[in-house]
Amino acid sequence: MERVTELVSERPVVIFSRSTCCMCHAIKTLLCDFGVNPSVHELDEISRGREIEQTLSRLGCPTLPAVFIGGELIGGANEVMTLHLNRSLIPMLRRAGALWV
């Protein structure tokens, strides 16, 4: 839990992902296309990735990607896309300091 908290505090937007996951890729692309520079942690490429994935599951995000904005767990691809379609995502990114315009 401490490790996840530490990683989430590094940047306004943090994504826990798998390098081979198409939904992870889609969410990373969406956020980067907005001009966000997220901190991305590919759990299949780092040590203790499995442990971090289990912690995320206990926090309420059983699938990847796990997206944090402003230190808050937003959820996975469905939650991020819902926010985007509701036009809530960009204002949330602005409030977190992830977007300047």
Side-chain angles (χ1 to χ4, degrees):
M1 180 69 169
E2 284 181 34
R3 180 72 177 137
V4 170
T5 303
E6 177 185 319
L7 293 171
V8 167
S9 69
E10 290 177 353
R11 288 250 186 76
V13 178
V14 177
I15 303 171
F16 293 95
S17 171
R18 258 195 221 108
S19 62
T20 57
C21 171
C22 63
M23 292 310 293
C24 295
H25 176 74
I27 296 302
K28 291 182 285 191
T29 300
L30 174 72
L31 292 172
C32 288
D33 285 351
F34 287 150
V36 173
N37 185 18
S39 177
V40 178
H41 301 280
E42 302 290 358
L43 298 183
D44 58 332
E45 296 179 351
I46 62 173
S47 64
R48 297 178 60 197
R50 192 66 157 143
E51 178 184 327
I52 292 171
E53 193 169 347
Q54 290 170 349
T55 299
L56 292 169
S57 183
R58 285 192 300 272
L59 289 174
C61 197
T63 61
L64 295 176
V67 179
F68 289 79
I69 299 175
E72 176 186 343
L73 175 61
I74 300 306
N78 288 341
E79 291 80 11
V80 172
M81 290 308 294
T82 298
L83 288 170
H84 178 50
L85 293 172
N86 290 336
R87 298 185 176 159
S88 303
L89 182 59
I90 289 177
M92 182 181 286
L93 292 168
R94 283 190 184 125
R95 283 192 303 274
L99 289 177
W100 302 104
V101 179

Residues in side-chain hydrogen bond (donor to acceptor under 3.5 Å, both in side chains) contact with R18, at least two apart in sequence or another chain:
E53
Out of curiosity, T5 OG1 to E10 CD, how far, rounded to the nearest 0.5 Å?
11.5 Å
Does H25 have any ring pair (Phe, Tyr, Trp, His ring centres under 6.0 Å) partners at least two apart in sequence or in another chain, and if so, which?
none
Minimum heavy-atom separation for P12 and G97, please, with both atom names.
CG-O, 3.9 Å
Distance check, rounded to the nearest 0.5 Å: L31 atom CG versus I69 atom CD1?
6.5 Å
How many angstroms lie between atom CG of L99 and atom CZ of F34, to the nearest 0.5 angstrom?
8.0 Å
Of the non-hydrogen atoms in V4 and L56, which two are nearest, and what is the gap between them?
CG1-CD2, 4.2 Å
Here the gap from I52 atom CD1 to I46 atom CD1, rounded to the nearest 0.5 Å, amounts to 4.0 Å
To the nearest 0.5 Å, tell me how far L7 CG sits from I15 CD1.
13.5 Å
Ring pair (Phe, Tyr, Trp, His ring centres under 6.0 Å) partners for F16, two or more places apart:
H41, F68
Under the side-chain hydrogen bond (donor to acceptor under 3.5 Å, both in side chains) rule, collect the residues that match up with S17, sequence neighbours excluded.
K28, E42
For residues 54-72, the side chain to side chain donor-acceptor pair (under 3.5 Å) pairs (sequence neighbours left out) are T55-R58
Partners passing side-chain hydrogen bond (donor to acceptor under 3.5 Å, both in side chains) against R3 (at least two apart in sequence or in another chain):
E6
Do you know which two heavy atoms are closest between G60 and L73, and how far apart they sit?
C-CD2, 4.4 Å
Is it the case that one hydrophobic cluster holds both M23 and I27, taking links as side-chain heavy atoms less than 4.5 Å apart, direct or via other members?
no
Rounded distance [0.5 Å steps], CG in L83 versus CG in L93:
9.0 Å
